[in-house]
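We count ligands from 1, going down the list as the structure has it; atoms in each ligand are counted the same way.
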Amino acid sequence: MKTFFHVQDIGDLGAALAEAKQVKATPFAWKALGENKTIMLVFFNSSIRTRLSSQKAALNLGMNPIVLNIGQDSWKLETELGVVMDGDKSEHLREAIPVIGSYCDLIGVRSFAGLQDRAFDYAETILRQFIDYSGKPVISLESATVHPCQAFADLITIEEYKTCKRPKVVMTWAPHPRALPQAVPNSFAEWMNAADVDFVITHPKGYELDPKFVGPARVEYDQMKALEGADFVYAKNWSCPGVSCPADYGKILSKDMGWVVDEAHMAVTHDAFFMHCLPVRRNMIVSDAVIDSPRSIVIPEAANRVVSAQVVMKRMLESL
Ligand code: AN0
Ligand code: CP
């Protein structure tokens, strides 16, 4: 595997889930695979889970992780081509990426959407440069439009907790005070469409995700109707994807607190499990009662981030 970006990169999902189960049961069985190998984890944005789970996954495989926080302990990097670099950016990605690539065997990159320019974000302009200029396999650790390590961990978690063959999984938008990217809902939709689940997306009008991620999923604008009979409720905020109105890209269109997932919402489900990728704002996205309930699986979901990262790194090491 040379890139981990879309669900297709992992190939057959049944095989990937079986491998995840094996990796979870015997995490240290491939210690020799990563010997004398280095992964560079490049962060343009904050993280707890991605940073720590990626380092842990690398260590489980016997690999050396190095973390680089851009702009804090590195030079500030220019990302756009053709600009006169007379501002605060000291170096261009065009030099920095091949240099980083020369020090490692694999690269992981976290680079959120800027939410200013839809075309720049949806072309994955920064991640593409890492793929093109590093000469090394590249993992998206949440880039402008996707968060595949999260979606893979979510799928592993659903597989572990489901009690019927084809569970109903509902992804619901929820309010948030800041404009957030669409990467998490885009990837979750992409992975759920590829998995054997009954998948429904619910959000207020104007929050339609890009059709290439929605695929054949059902979209239901009535949140309560969508949640009826759900086995899993996956909450997430996202800003306007700018599909029907490009001028609204990255904007907050609603702060309707009626969408906060509380006990009244969970009551119409099939005793659903509650999921969220974290970090989560309590009583904005989900009520204390729901996230503290025994049906909340946000912690095991986060724990599975080590498993998804380890399967991806293992496959990349095997194909070096
Ligand atoms: C980020 C987002 O919504 O994309 C990261 C989630 C994993 N969330 C925040 O910035 C709060
Ligand atoms: N879920 C997730 O990616 O969390 P972090 O932003 O803390 O890495």
(request) Of the side chain and backbone of Glu142, name the one, both, or neither that has a heavy atom under 4.0 Å from an atom of ligand 2. (result)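 No part of Glu142 is near ligand 2 at this cut-off.
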
(request) Answer side chain, backbone, both or neither: which part of Leu278 comes under 4.0 Å from ligand 2, heavy atoms only. (result)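 Only the backbone of Leu278 comes within reach of ligand 2.
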
Ligand 1 versus [X]: contacting region, heavy-atom distance under 4.0 Å:
X	value
Trp238	neither
Lys236	side chain
Thr50	neither
Glu142	side chain

(message) Using only atom types and a distance under 3.5 Å, with no angle test, would you say the side chain of Arg166 pairs donor to acceptor with the backbone of Asp196?
(response)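 Judged by distance alone, no pair lies under 3.5 Å.
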
Can you list the atoms of ligand 2 that are under 4.0 Å from a heavy atom of [X]?
X	value
Ser47	5 (P), 6 (O), 7 (O), 8 (O)
Arg110	3 (O), 5 (P), 6 (O), 8 (O)
His147	2 (C), 3 (O)
Ile48	5 (P), 7 (O), 8 (O)

(request) Give a yes/no verdict on whether any heavy atom in Ala183 is under 4.0 Å from an atom of ligand 1. (result)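 Distance cut 4.0 Å: Ala183 fails for ligand 1.
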
(message) Given Val184, Asn45, Ile285, Leu180, identify the one with the heavy atom nearest to atom 8 (N) of ligand 1.
(response)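 Going through Val184, Asn45, Ile285, Leu180 one by one, Leu180 has the nearest heavy atom to atom 8 (N) of ligand 1.
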
(message) Check this for me - ligand 2, Arg305, N or O atoms closer than 3.5 angstrom, yes or no?
(response)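 There is such a contact, yes.
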
